[in-house]
Amino acid sequence: MSYKVKLDIFHGPLDLLLHLISKNEIDIYDIPVSIITEQYLEYLELMRSLNLDIAGEFLVMASTLMYIKSKMLLPPSEEADEEEEDPRADLVERLLEYKKFKEGAVWLNGQDILGQNTFARSALILDLEAKADERDKEETLSLENISVIELFEAFRTVFSKASQHKSMEISFSKLSVAERIQEVLEILKEKNNVEFDDFFIKPYDRSFVIITFVALLELIRLSMIKVYQSMPFGKILIMLRDVETEQ
Amino acid sequence: MNDVELKGLLEAMLLLSHKPLTIDNIIKIIDKDKATVKEAINELIVAYSDDERGFYIEEVAGGYQFRTRERYSFWLKKFEGLRPPRLSRAALETLAIIAYKQPVIRAEIEDVRGVDAGGVLRHLTGKKLIKVLGRKDVPGRPLVYGTTKEFLELFNLKDISSLPTLRDSVDEPEMGQ
Amino acid sequence: MNDVELKGLLEAMLLLSHKPLTIDNIIKIIDKDKATVKEAINELIVAYSDDERGFYIEEVAGGYQFRTRERYSFWLKKFEGLRPPRLSRAALETLAIIAYKQPVIRAEIEDVRGVDAGGVLRHLTGKKLIKVLGRKDVPGRPLVYGTTKEFLELFNLKDISSLPTLRDSVDEPEMGQ
């Protein structure tokens, strides 16, 4: 399979873990490590099946999780004093620290950002835009209202529903990602908003679902589409970037 | 120069200045004390505070700046060349870490986010939102980063201490963003 | 949009526009006829005509523009001078070479920097930071360059002899910038 999506749109393993904790409504101080590890690995598996580049940090975290899990299975040693440290402590601390700064980022984003609704005569805004070179495009992604993780979550749902009578052997021969990108663009040109799930109707077999999802990821990476979500875990809407109509 | 002239001059300086205008900038040019200048600025702020005016004076990044009113943003956005700055979540998170922990080195940033920070740091430096403050006196002499005046200007902050305290709260539901 | 709002919006547009704002620019953005816009602008012109205001609306080059009042020019010139010069590294290096070696010819500058200096010299001449002092009496009669008064002003130097002595230091760390 030649099509390889580089998933630099990911925010990293800590982000994924926070997402899983929030999704499962888990107490961060008392993480059921085996459940979370299982879900985390499922997630990596999913990324792998999509032929996505998985950053090394994700693998490091996977082994950390498995290590913690094994530590927790061990019966507490009798000799050690009672205050033996919870093997999860370090991880929890890191998660809390990261969460704190995530909130800082949310606060920054909620500020009256210059150039969003208020403008100054300063060259600042124009400068910012002028510097939008190639690398900039790569890094500035159009995921304004949704995290990629949630997109993956939606994909997982669709994927698990897709008919399984075909073997997991994926044949990309019928429809290429490039062709599917074209189709997706056609659909989006016709309608303003398309719900994420609506891209996965009809044949509904796994290879179709995967190709469609990879096509969507690619379009996000190219800043050609916008992905919206009205509320956490809510419906996901997709629209073209250019035909965006204000208010 | 009388008070009315002083206000006129300040207006002119606000118009010409491409960065927030500081009291220090002003007293370098005119022979007045800080208090007099501050008072004149406060009067100007009031004069421009009428909600129907096209712009007002914002106190930001240690200085003052004319800014257009939010109510006109719908039309102003159609102006050529004015497009909102787009910062990815990774960029925002990294900015938050630098803003709160500065002076900070790359390894510390990567520790918090759990991912490589090289690309984002280059991006933010290019946008002048962060800068290299120097090098840390530890093995490897890593670069030390901090936020810039442009950062304050962009996020409408008077100074770095106007950042809210980050709580260690865990009871709030995680926002999906 | 009522008339008051229209005027507010026009004010905001004038603030943001770096070029004279034409009626055509305006009606592209707001759904009003030319006459209405023209009338609103005329009212604004009157509102800004108070001689004590820092700036006024000038009808220029087929459009409208905020301009600072002449009466403040004495101070504003000083203010412009304070604006940090936006000089590239190449320009700064070339300036330094010229400042210390003047009178100097292009070939000598290029010898030091090891790259063509044509573009930078034109740029610096355009900014009035250097000037042609004459021609050197050698084959080819090349132009001789030196720094200007504006150069001294910009770098806040009394005279060219107040330039610091160059040390041959190499131990300073290279800033990542």
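Here is how names work: the chains are called A, B, and so on, in the same order as the sequence lines, proteins then strands, and each is numbered from 1. Given the structure is predicted, the values throughout are model-derived calculations rather than measurements.
Under the 4.5 Å side-chain criterion, counting only non-hydrogen atoms from C-beta, B:Tyr100 is not in contact with A:Lys100. A 4.5 Å side-chain heavy-atom check between B:Phe151 and A:Leu108 finds at least one atom pair inside the cut-off. Side-chain contact between A:Glu57 and B:Asp116 is present, with heavy atoms from C-beta onward closer than 4.5 Å. Two residues are said to be in side-chain contact when any heavy atoms from C-beta on lie closer than 4.5 Å; A:Thr118 and B:Tyr56 meet this criterion.
Residues B:Arg67 and A:Asp112 are not paired through a salt bridge, judged by the lack of any N-O separation under 4.0 Å between the basic side chain and the carboxylate.
Distance check: B:Glu70 CD to A:Phe119 CZ gives 10.0 Å after rounding to the nearest 0.5 Å. A distance of 11.5 Å separates CG of B:Leu166 from NZ of A:Lys99, quoted to the nearest 0.5 Å. Residue A:Leu114 holds its CG atom at 12.0 Å from CG of B:Leu152, rounded to the nearest 0.5 Å. To the nearest 0.5 Å, atom CG of residue B:Asp111 and atom OH of residue A:Tyr98 are 13.5 Å apart.
With a threshold of 4.5 angstrom between heavy atoms, B:Leu15 approaches chain A through its backbone and through its side chain.
Nearest heavy atom pair, residue B:Ala96 against residue A:Ala105, reads CB-N, 3.7 Å. Summarising the geometry of A:Gln111 relative to B:Phe155, their closest heavy-atom pair is NE2-O, 2.8 Å, with the distance given to 0.1 Å.
The number of heavy atoms from other shown groups lying within 6.0 Å of CG (B:Asp51) is above 12. Environment of CD in B:Glu39: sparse, with no more than 12 heavy atoms of neighbouring residues, nucleotides or ligands closer than 6.0 Å.
The closest donor-acceptor contact from the side chain of B:Arg113 to the backbone of A:Asp15 lies at 3.5 Å or more, if one exists at all.
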